[in-house]
J.: 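Once you've had a glance at the structure underneath, I'll fire off some questions.
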There are 2 protein chains.
Amino acid sequence: MLTIAGIGPGKKEGMTEEVLQSLETCDCIVGYTVYTELVRGLFPDKEYYATAMTKEAERCLWAIGQARAGRDVVIVCSGDGGVYGMAGLVCELLVEDVPTENAEIDCAKDHGSAGGVTEKGRQIGGVELRILPGVTAALSGAAILGAPLANDFAVISLSDRLTPWEQIERRLRAAAEADFAICLYNPASRGRPEHLRRACGVLLESGLEADRICGVARNIGREGQACRIMTLGALRDYEADMFTTVYIGSSVTRKIGDYMVTPRGYRGWT
Amino acid sequence: MLTIAGIGPGKKEGMTEEVLQSLETCDCIVGYTVYTELVRGLFPDKEYYATAMTKEAERCLWAIGQARAGRDVVIVCSGDGGVYGMAGLVCELLVEDVPTENAEIDCAKDHGSAGGVTEKGRQIGGVELRILPGVTAALSGAAILGAPLANDFAVISLSDRLTPWEQIERRLRAAAEADFAICLYNPASRGRPEHLRRACGVLLESGLEADRICGVARNIGREGQACRIMTLGALRDYEADMFTTVYIGSSVTRKIGDYMVTPRGYRGWT
């Protein structure tokens, strides 16, 4: 059995029951060093296999090898393994020839077994794969700020290591023009300190006002957790780090008390 | 204390530890009848206050009244309370005068107390409010299908009860043109059986090919859970119900084995 487990922000209280159970019962826990260290405090006696960033494929191949050898392996991802996580990569690595075009598919066939694939897993590439979702940073950061994503929203990573910057800009413009609330992942890192400033510039050029309500959540679920509500103008000069998640409000987002809220109109039903 | 708790898809295994703890220790559980019934099986001895759809504001006002009277109240939301949930509405109802314009805000002030606002809550409108995030359907359905949202994505509700249809179309077009993967909430209900067909029509008009990989997840985390991968052309004729979550792939999304995957390029790092 190979399990991909989204551990949420990191603390035990933010993990789902099924993720905790998978960690308790597995033989081996695999992940990026920062995340395996979060888990090691809870399960100190497990076997761990941790590697650095950019070693994702190597680490997942190791996990696949162990699972094919009959071991019960869990790959931990921060937040949710399906959002900028390892779930997609593992599927790619499990199948020799990933299709480069869309083949004909049987549009009438169900895949999930009744009763829950999450308990059982589904066969792919010689292993039983089970993907357990988790609370991704968009949601855990939003809960600290209030409800910035309470209506339609877009999630965009500002990392251009795997996506060309032109494509990121195109998505920022589209999200601004269609009045989505926006959540930004990877607003900065050591190699890319200017990305948040550039993104804010694109949004301002796309017509967003400098007093648009924005927010940041830092160190979600960890020591030093904090959030701040600010204008888009101020966000442009904000120094984010790699533990910051950023929110751009839609045109109706407001600061209500100390909360950032995108109303959805339920209030009209009073 | 007033807590807004995202319970995920419904089963106990999909709830976070902190949500389960909040339900265990509270005096009263409030919610839409479908969700309180999911919780009642786990905590049969609690006091419940449940009302029907369109009674959201009335239900939240009741919860606020109880919290102001000193009781420990939990409002349960399916998935995450911050995504088409009650978190925003509760903030609106807690503050008498919701601003209609963006007032000046102190962009240098942190709001979250170090150590975690989720444990303590934050004052607003005379109550201590705590928002506990949960696994929203976009994530739990994606985990069944594979990893359709592994790169930038947009979340759009097809319900036009609170958003004009023109605005929904505008967001669909923008998401298609900027090559987001898209997750659709509320693809259909008794009053709106044609919304998914119309949305697929908009996406096809916006240039998406009829063989674009799409997927649906049904009854996530409940009896009858299933998923299906299909083309956009087939999705147009698919009969979704209100327990269906829909995924439109981006241009690079593929069917890999029986999984729907949007690759992110990690594989190039092998």
Side-chain angles (χ1 to χ4, degrees), chain A residues 13-14 16-18 54 56-57 80 82 87-89 91-92 95 99 102 105 107 110-112 116-117 124 131 133 135 139-140 142-144 146-147 149-150 152-156 162 170-171 174 178 211 213 225-228 230 234 254-259 261 263-267 269-270, chain B residues 13-14 16-18 54 56-57 80 82 87-89 91-92 95 99 102 105 107 110-112 116-117 124 131 133 135 139-140 142-144 146-147 149-150 152-156 162 170-171 174 178 211 213 225-228 230 234 254-259 261 263-267 269-270:
Chain A
E13 294 74 23
T16 64
E17 282 244 313
E18 61 189 2
T54 78
E56 283 76 8
D80 179 78
L89 176 62
C91 291
E92 289 181 82
V95 173
N102 291 342
I105 56 178
C107 295
D110 275 355
H111 295 295
V117 282
I124 176 172
I131 303 173
V135 176
L139 307 184
S140 53
I144 300 170
L149 307 180
D152 302 334
F153 64 96
V155 175
I156 303 172
L162 294 167
R170 187 178 151 214
R171 287 180 176 150
D211 72 345
I213 299 286
Q225 172 178 297
C227 70
R228 193 179 293 184
M230 64 184 80
R254 295 289 175 266
K255 179 174 180 288
I256 301 181
D258 283 339
Y259 285 85
V261 174
R264 197 171 174 242
Y266 289 116
R267 204 163 187 241
W269 285 352
T270 335
Chain B
E13 295 73 24
T16 65
E17 283 245 312
E18 60 188 2
T54 77
E56 283 76 9
D80 179 78
L89 176 61
C91 292
E92 288 182 83
V95 172
N102 291 342
I105 55 179
C107 294
D110 275 354
H111 295 297
V117 281
I124 177 172
I131 303 173
V135 177
L139 306 183
S140 53
I144 301 170
L149 307 180
D152 303 334
F153 64 97
V155 176
I156 302 172
L162 294 167
R170 186 177 153 213
R171 287 179 176 151
D211 73 344
I213 300 286
Q225 173 178 298
C227 70
R228 192 179 293 184
M230 63 184 80
R254 295 288 176 267
K255 179 174 179 288
I256 300 181
D258 283 339
Y259 285 85
V261 175
R264 198 171 175 243
Y266 289 116
R267 204 163 186 240
W269 286 351
T270 336

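Predicted model, so just to flag it, every value in this text is computed and none were measured. Letters A, B, ... are given to chains in the order of the sequence lines, protein chains preceding strands, and every chain is numbered from 1.
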J.: List the atom of A/Lys255, the atom of B/Pro99, and the distance in Å for their closest heavy-atom pair.
T.: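 For A/Lys255 versus B/Pro99, the nearest heavy atoms are O-CG, 3.3 Å.
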J.: If we only count heavy atoms from C-beta on, is the A/Ile144 to B/Ile131 side-chain gap below 4.5 Å?
T.: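 Side-chain contact under 4.5 Å: no.
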J.: Would you check if B/Thr16 and A/Val135 make a side-chain contact, meaning some heavy-atom pair closer than 4.5 Å?
T.: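 Side chain of B/Thr16 against side chain of A/Val135, heavy atoms only: contact under 4.5 Å found.
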J.: Looking only at heavy atoms, what is the nearest atom pair of B/Asp110 and A/Ala226, with distance?
T.: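 Smallest heavy-atom distance, with atoms named: OD2-CB, 3.8 Å.
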J.: Please give me the minimum heavy-atom distance between A/Gly146 and B/Ala87, naming the atom from each residue.
T.: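 That would be O-CB, 4.3 Å.
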J.: Where is the tightest heavy-atom contact between A/Arg264 and B/Leu162, given as atom of each residue plus distance?
T.: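 Taking every non-hydrogen atom into account, O-CB, 3.3 Å.
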J.: For B/Asp211, is it the side chain, the backbone, both or neither that has a heavy atom under 4.5 Å from a heavy atom of chain A?
T.: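 For B/Asp211, the contact with chain A is made by backbone and side chain together.
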J.: Do A/Ile124 and B/Asp258 have side chains that get closer than 4.5 Å, going by heavy atoms?
T.: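 In short, these two side chains do not touch, never coming nearer than 4.5 Å.
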J.: Count the heavy-atom pairs under 4.5 Å between each of B/Ala147, B/Cys107, B/Ala174 and chain A, then report the option with the highest count.
T.: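 So the answer, after comparing B/Ala147, B/Cys107, B/Ala174, is B/Cys107.
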J.: Looking at every heavy atom in both A/Ser140 and B/Pro133, which two are closest together, and how far apart are they?
T.: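 That closest heavy-atom pairing would be CA-CG, 3.9 Å.
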J.: Could you tell me which non-hydrogen atom of B/Glu92 sits nearest to which non-hydrogen atom of A/Pro263, and how far apart they are?
T.: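 Minimum heavy-atom separation between B/Glu92 and A/Pro263: OE2-CB, 3.6 Å.
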J.: Could you walk me through whether A/Leu149 and B/Val155 pass the side chain to side chain contact (heavy atoms under 4.5 Å, CB included) test, one step at a time?
T.: CA-CA 10 Å; A/Leu149 307 180; B/Val155 176; over 6 Å; no
J.: Shorter than 4.5 Å, heavy atoms on both sides: which option in A/Ile213, A/Val261, A/Leu139 has the most such pairs with chain B?
T.: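 Heavy-atom pair counts peak at A/Leu139.
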J.: Is any side-chain heavy atom of B/Val95 less than 4.5 Å from a side-chain heavy atom of A/Tyr259?
T.: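 No, their side chains stay 4.5 Å or more apart.
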